[in-house]
There are 2 protein chains.
Amino acid sequence: MSRSASIKDVATHAQVAVGTVSNVLNYPDRVSQRTKDRVLQAIDELGFVRNDAARQLRAGHSRTIGLIVLDVGNPFFTSVVRAAEDAAALQGSAVLLGDSGHDAARESNYIDLFQEQRVQGLLISPVGDVTDRLDILRERGVPTVLVDRLADEEQYSSVSVDDDAGGYLAARHLLDLGRRRLAFVGGPTTIRQVADRLQGAQRAVAEVPDASLEVLDSEGQTVLAGRSVGDQLVRRSADQLPDGVFCANDLLALGVMQSLAMMHKLRIPEDIALIGYDDIDFAVSAVVPLSSIRQPTEALGRTAIELLAEELDSPDSAQPRHRAVIFTPELVVRQSTAGA
Amino acid sequence: MSRSASIKDVATHAQVAVGTVSNVLNYPDRVSQRTKDRVLQAIDELGFVRNDAARQLRAGHSRTIGLIVLDVGNPFFTSVVRAAEDAAALQGSAVLLGDSGHDAARESNYIDLFQEQRVQGLLISPVGDVTDRLDILRERGVPTVLVDRLADEEQYSSVSVDDDAGGYLAARHLLDLGRRRLAFVGGPTTIRQVADRLQGAQRAVAEVPDASLEVLDSEGQTVLAGRSVGDQLVRRSADQLPDGVFCANDLLALGVMQSLAMMHKLRIPEDIALIGYDDIDFAVSAVVPLSSIRQPTEALGRTAIELLAEELDSPDSAQPRHRAVIFTPELVVRQSTAGA
DNA sequence: CTGAATCTTTGAATCGTTTCATTGGTACGA
DNA sequence: TCGTACCAATGAAACGATTCAAAGATTCAG
């Protein structure tokens with residue numbers, strides 16, 4: 001077990017000064033081809049790998065960006081993470097990923113860790129109230145971009161998706177199919193996402209004179225909750241049934257679909273057109289492929305990095321512009337709302 | 001934007017030497033209560049946060065462990081990751097997470113990054129052939145533990161799950177229910193996991209005189225692939241049908257289940273008992289809750305960290321013992337194989 | 001009161017980079 | 001031939017922590 005080679009070892013081996021080795025690494029243009037070759041060969045022969053701690057200590061900042069998400073298991077975040085990593089790589093940064101798991105304590109631990117690591121900046125989908133901590137970070141020159149959460153005040157940049165627009169899109173689609181008796185299935189409206197999606201749907205319905213929207217409360221956002229709503233629907237008499245159902249997320253929609261499929265009384269999409277939200281992988285492989293609203297996760301991740309870069313680039317004196325970028329979701333039509 | 005306070009600022013503010021501040025941080029017992037109080041107060045007032053780069057430079061190693069998984073979106077890995085993070089936190093380390101996404105280039109980038117960061121050790125589910133790189137790391141005192149992959153040679157520690165045992169467990173369960181005409185549904189047997197699970201199933205069947213096992217090849221491991229296998233089954237005459245089906249993973253099983261449910265000719269579990277593998281979240285909320293084989297993901301993650309710690313603790317001279325820990329999976333019985 | 005033993009505190013040296021003022025060379029026009 | 005640019009290469013200083021030998025303070029037995 002041999003200690004790693006340092007830049008000094010490389011310098012000795014290549015018979016140049018340490019500063020020259022550093023230049024080869026960081027400003028290749030400043031070094032003549034001959035010298036560069038010698039140095040690169042020495043690096044290769046010694047298997048030299050730059051010690052990032054030393055570089056960072058001298059440079060005063062790292063090349064890493066902290067990213068704290070609510071749940072890496074959630075495909076939405078997985079996709080955001082991957083896009084952020086790719087975007088960061090393009091600008092020469094690496095992403096340190098933390099999963100808070102909706103736990104404020106874990107979240108706080110990650111902020112500690114990232115602060116000790118002197119990350120350049122922080123992307124976060126906050127669980128708890130972290131504004132105090134973010135204020136301190138900003139004061140020290142570490143900017144934050146909120147992800148999937150509109151900044152309360154205008155103090156932070158943020159990227160989010162317009163859930164109201166998504167709700168409108170879904171309801172509008174059902175209306176365009178000629179459906180008029182719509183139902184919205186969604187968990188507690190205290191969840192902002194659910195409330196916004198409902199509001200968007202109501203907006204769409206209000207635009208069509210003879211259309212109505214019924215709200216079916218669900219207990220949570222799971223397949224099982226969806227199934228219990230579906231079971232209620234199946235028991236209704238035909239004249240009481242909606243002809244278009246919009247679920248606040250795909251899991252709910254899959255649950256509703258399972259109920260209807262099991263009972264074999266109501267057909268999708270003929271009797272009831274069904275649309276979900278999120279466009280999870282399972283949507284396409286459901287018994288009846290499910291229409292859904294897709295969120296531009298790649299754009300979210302990429303833009304979050306870009307906003308961060310903007311703040312990092314802006315000179316200290318100039319107060320950085322905080323920008324709130326809001327994306328518009330997209331309708332994905334499949335068989336569950338197909339046909340006239 | 002004020003620069004962060006350094007240990008020197010703290011020392012000045014508390015009117016002590018820098019060494020004393022360091023001692024307060026690292027060896028509190030060596031410092032008198034009075035001094036400690038003053039220093040802690042200064043730390044608080046200045047909002048001092050230790051610069052990990054400097055500590056690491058001096059200490060020669062970091063307090064982080066690199067973890068590279070094939071796909072953070074896969075619940076299996078998500079769970080492993082979380083367990084590893086928790087276990088690492090207990091011993092005062094943090095985990096740097098990398099997602100290779102089955103891409104050898106990304107994997108290699110993460111190894112580079114982690115090497116620059118001078119991680120203490122590496123946990124990895126390898127995609128490409130990384131043995132050369134791992135050898136170099138080990139030579140430099142950075143041990144590796146393979147995750148979900150048995151080490152080819154005896155050069156590395158590893159944690160994995162016994163897929164043969166899992167296959168045996170599943171088939172045995174169907175046999176115990178009295179089923180005799182079994183079928184195995186699984187993707188290309190070039191995938192080690194699939195081959196092992198099949199082999200385990202064959203072992204179980206061989207133990208029961210009048211039992212048989214038919215192998216149904218699937219194209220991939222998706223819900224859709226499962227559905228196409230299910231469609232084939234539905235078209236068969238009754239005397240050609242299996243009465244127990246074991247799928248190499250839950251997605252396949254869900255696809256098969258959808259086919260049977262749609263056709264409404266065959267009932268689960270009465271006509272066909274169905275069992276999957278992995279116990280994903282969707283298994284419990286399927287139309288008919290799906291029996292499955294659960295892998296001890298938490299134990300995997302925890303043990304991987306423990307094996308790494310073992311190698312780190314063993315003195316350099318003593319050749320570290322490489323241990324291959326193999327876990328046994330667990331049967332989870334639900335409605336899809338319920339009843340006599 | 002003295003000397004030894006123990007407990008605290010000190011501060012210079014060190015880790016491996018990057019930075020930058022300085023030096024040494026080379027080329028070119030006058 | 002000289003002076004002026006320009007280009008490459010040099011190497012000491014600095015970043016912020018930890019370490020450790022040494023100094024200083026305190027305690028206590030005799």
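Lettering of chains follows the sequences in order, A, B, ..., and the numbering in each one begins at 1.
A heavy-atom distance below 4.0 Å to DNA chain D is reached by these residues of residues 25-40 of chain A, ordered by number: A:R30, A:V31, A:S32, A:T35. If you check residues 110-119 of chain B against DNA chain C, you find no residue with a heavy atom closer than 4.0 Å.
Figure legend: cation-pi geometry between A:R138 and A:Y156, with NZ or CZ positioned under 6.0 Å from the six-membered ring centre and within 45° of its axis.
Between the side chain of B:Q15 and the backbone N or O of B:R38 there is no donor-acceptor pair closer than 3.5 Å. The main-chain N or O of B:V147 is found under 3.5 Å from a side-chain atom of B:S125 such that the two form a donor-acceptor pair. Between the side chain of A:D129 and the backbone N or O of A:T131, at least one donor-acceptor pair lies under 3.5 Å. For the pair A:S157 (side chain) and A:H322 (backbone), a donor-acceptor distance under 3.5 Å is absent.
Within the 4.0 angstrom heavy-atom criterion, no nucleotide atom of any strand lies near B:G60. Within the 4.0 angstrom heavy-atom criterion, only backbone atoms of the sugar-phosphate kind lie near B:S6; the bases stay farther away.
Between B:I7 atom CD1 and C:dG11 atom P the separation is 14 Å, expressed in whole Å. Rounded to an integer number of Å, the gap from B:R50 CZ to D:dT18 C1' is 10 Å. Here C:dC15 presents its C1' atom at 13 Å from CG of A:D9, a figure rounded to the nearest Å. Distance A:H61 NE2 to C:dT18 C1': 11 Å, rounded to the nearest Å.
For B:S22, a side-chain nitrogen or oxygen approaches OP1 or OP2 of D:dT18 to under 4.0 Å.
Using modelled atom types, one finds a donor on one side chain and an acceptor on the other under 3.5 Å when comparing A:S93 with A:Q120.
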Working note: B:Q33 + B:D37, criterion side chain to side chain donor-acceptor pair (under 3.5 Å); need CA distance, chi angles, decisive distance, verdict. CA-CA 6 Å; B:Q33 191 60 48; B:D37 289 345; 3.1 Å; yes

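Annotation: salt bridge (Lys or Arg N to Asp or Glu O under 4.0 Å) contacts involving residues 88-108 of chain B, sequence neighbours excluded, comprise A:R82-B:D99, A:E85-B:R106, A:D86-B:R106.
Residues meeting the side chain to side chain donor-acceptor pair (under 3.5 Å) test with A:T35, sequence neighbours left out: A:S32.
A salt bridge links B:D112 with B:R133: the distance from a Lys NZ or Arg NE/NH1/NH2 to an Asp or Glu carboxylate oxygen falls below 4.0 Å.
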Output one line per pair: protein atom, nucleotide atom from nucleotides 13-15 of chain D, and distance, for all N/O pairs under 3.5 Å.
| unit_1 | atom_1 | unit_2 | atom_2 | d |
| --- | --- | --- | --- | --- |
| D:dA14 | N3 | A:R58 | NH1 | 3.1 |
| D:dC15 | O2 | A:R58 | N | 3.4 |

Can you give me the N/O atom pairs linking the protein to nucleotides 23-26 of chain D at distances under 3.5 Å, or say none if there are none?
none

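Contact annotation: the side chain of A:I7 never approaches that of A:R50 to less than 4.5 Å [non-hydrogen atoms, C-beta and beyond]. Two residues are said to be in side-chain contact when any heavy atoms from C-beta on lie closer than 4.5 Å; B:S4 and A:R118 meet this criterion. A:L123 has its side chain within reach of A:I305: a pair of non-hydrogen atoms, C-beta onward, lies under 4.5 Å apart.
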